[in-house]
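Have a look at the structure below, then the notes.
Every number for a ligand or one of its atoms is a count from 1 in the order of the listing.
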Amino acid sequence: MFLHMDNKVALVTGGGSGIGRASALAFANAGAKVVVADINVDGGEETVQMIHEARGEAIFIRTDVSQAADVATMVTQAVKTFGHIDCAHNNAGISGGSAPTAECSEENWDRVISINLKGIWLSMKYEIRQMLEQGGGVIVNSSSVAGLVGTRRVPAYVASKHGIIGLTKTAALEYARQNIRVNAVCPGVIHTPMIAQFTGGNAQIMEEFAEEEPLGRMGEPEEIAAAVLWLCSDAASFVTGHAMVVDGGRTAQ
Ligand code: NAD
């Protein structure tokens with residue numbers, strides 16, 4: 001699949017690792033100028049370096065998506081550098097700790113909701129203001145299959161990912177007439193540092209995850225990036241308010 005993104009500017013939060021890095025590289029490969037935003041400076045700068053090595057254009061902006069001032073600066077800096085933001089992949093997120101609902105700490109709840117849910121709202125808030133000014137744009141928010149079904153032991157994560165789908169649909173309705181499309185992507189289990197961290201790198205648990213997938217394997221970050229790029233492209237011009245599942249058939253069971 002090759003989608004042309006020439007003359008487009010794409011912003012990716014959480015672009016320093018996993019799915020966000022794959023998405024940033026895919027945008028760059030399609031010809032877009034890329035703004036990589038992440039709280040992790042080393043990871044973000046490494047993604048930018050990878051894009052530069054492939055002769056693409058990119059900048060890194062250190063951003064904590066849970067902080068309004070950071071997100072406002074992220075958008076201002078992106079526009080100052082590249083002039084506009086055509087596509088935004090709001091992807092930064094954490095899994096948080098693992099414990100059932102009655103054992104989930106208030107601290108874990110607040111941290112996960114603040115990064116995963118408030119972070120998406122703040123990102124959309126400032127991106128949409130810019131997109132209204134420039135006459136349009138496209139947003140894709142990273143939800144999860146945990147935004148569609150319950151998952152044991154990660155109540156805050158599940159609540160945040162369900163919330164992202166509600167926010168996505170709401171913004172899609174609010175700004176449809178202003179040429180702004182807003183969609184979500186719902187990955188299944190994807191082979192990234194987040195999953196390695198969540199499973200404690202335990203090969204047996206990783207194998208079990210893969211075994212649970214109808215396709216018999218975990219997804220790769222590039223397979224999510226492909227969906228994000230399509231949703232951002234003109235090929236998806238009639239798609240808005242949609243939560244696209246890319247999960248190897250996991251939620252079809
Ligand atoms: P990852 O841990 O590899 O990457 C997440 C990135 O987000 C990291 O670079 C991290 O530094 C950044 N980040 C964390 N907190 C941040 C903050 N406050 N501000 C800015 N950046 C921050 O994880 P991943 O697997 O690539 O996940 C990316 C997104 O996809 C997440 O929202 C995750 O919930 C979602 N997702 C992942 C999977 C999976 O199986 N890997 C499945 C469904 C959904």
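Within the listing of ligand 1, atoms 19 (N), 20 (C) sit less than 4.0 angstrom from a heavy atom of Thr63. Taking every non-hydrogen atom of Asn40 and a distance limit under 4.0 Å, the qualifying atoms of ligand 1 come out as 11 (O). With ligand atoms numbered from 1 in the order given, ligand 1 contributes 3 (O), 26 (O) to contacts under 4.0 Å with heavy atoms of Gly18. Each of the atoms 7 (O), 20 (C), 21 (N), 22 (C), 32 (O) of ligand 1 lies under 4.0 Å from some heavy atom of Ala92. Near Tyr157, meaning under 4.0 Å from any of its heavy atoms, are these atoms of ligand 1: 33 (C), 34 (O), 35 (C), 36 (N), 43 (C), 44 (C). Close approach of ligand 1 to Asn91 (heavy-atom distance below 4.0 Å) involves ligand atoms 28 (C), 29 (C), 30 (O), 31 (C), 32 (O). Atom numbering of ligand 1 starts at 1 in the shown order; those under 4.0 Å from a heavy atom of Ile115 are 15 (N), 18 (N). Below 4.0 Å from some heavy atom of Asp64 lie the following atoms of ligand 1, by number and element: 17 (C), 18 (N), 19 (N).
A continuous path of Ile, Leu, Val, Met, Phe, Trp and Tyr side chains, each step under 4.5 Å between heavy atoms, connects Phe82 with Met131, placing both in one hydrophobic cluster.
The part of Ile195 lying near ligand 1 is the side chain, judged by heavy-atom distances below 4.0 Å. Under 4.0 Å from ligand 1, not a single heavy atom of Arg21 appears.
Closest heavy-atom approach to atom 41 (N) of ligand 1 among the candidates Thr47, Ile224, Thr192, Val36: Thr192. Of the listed options Ile164, Asp38, Thr13, Asp38 places a heavy atom closest to atom 11 (O) of ligand 1. When the heavy atoms of Ser95, Gly15, Gly43, Gly93 are ranked by distance to atom 5 (C) of ligand 1, first place goes to Gly93. Here the shortest heavy-atom distance to atom 43 (C) of ligand 1, taken over Pro193, Pro187, Gly14, belongs to Pro187.
Within 6.0 Å of the CD atom in Gln253, the count of heavy atoms belonging to other residues, nucleotides or ligands exceeds 12. Remark: Asp6 CG is packed, more than 12 non-hydrogen atoms of other residues, nucleotides or ligands lying under 6.0 Å away. Crowding of Glu107 atom CD: a count of heavy atoms from other residues, nucleotides or ligands under 6.0 Å not exceeding 12.
Between the side chains of Gln130 and Gln134, at least one donor-acceptor pair of N or O atoms lies under 3.5 Å. In summary, the side chains of Thr63 and Asp70 do not present any donor paired with an acceptor at a separation below 3.5 Å, with no hydrogens or angles considered. Looking at Ser114 and Asp110, their side chains never bring a donor and an acceptor atom within 3.5 Å of each other. In summary, the side chains of His89 and Thr13 do not present any donor paired with an acceptor at a separation below 3.5 Å, with no hydrogens or angles considered.
The pair Glu103-Arg153 does not count as a salt bridge, with every side-chain nitrogen at least 4.0 angstrom from each carboxylate oxygen. One finds no salt bridge joining Arg217 and Glu207 here, because no Lys/Arg side-chain nitrogen approaches an Asp/Glu carboxylate oxygen to under 4.0 Å.
Given atom 26 (O) of ligand 1, the protein heavy atom at minimum distance is Ile19 N, 2.8 Å. Ranking protein heavy atoms by distance to atom 1 (P) of ligand 1, first place goes to Ser17 OG, 3.6 Å. Atom 44 (C) of ligand 1 has Ser143 O, 3.2 Å as its closest protein atom, hydrogens excluded (heavy atom only). When hydrogens are left out, the protein atom nearest atom 40 (O) of ligand 1 is Ile190 N, 2.7 Å; that is the closest non-hydrogen contact. Shortest contact from atom 19 (N) of ligand 1 to any protein heavy atom: Val65 N, 3.0 Å. Scanning the protein for heavy atoms near atom 38 (C) of ligand 1, the closest one is Gly188 O, 3.9 Å. Atom 23 (O) of ligand 1 has its closest protein heavy atom at Met194 CB, 3.3 Å. Atom 21 (N) of ligand 1 has as its closest protein heavy atom Ile39 N, 3.3 Å.
By the 4.5 Å heavy-atom criterion applied to side chains, Val36 and Val12 are not counted as neighbours.
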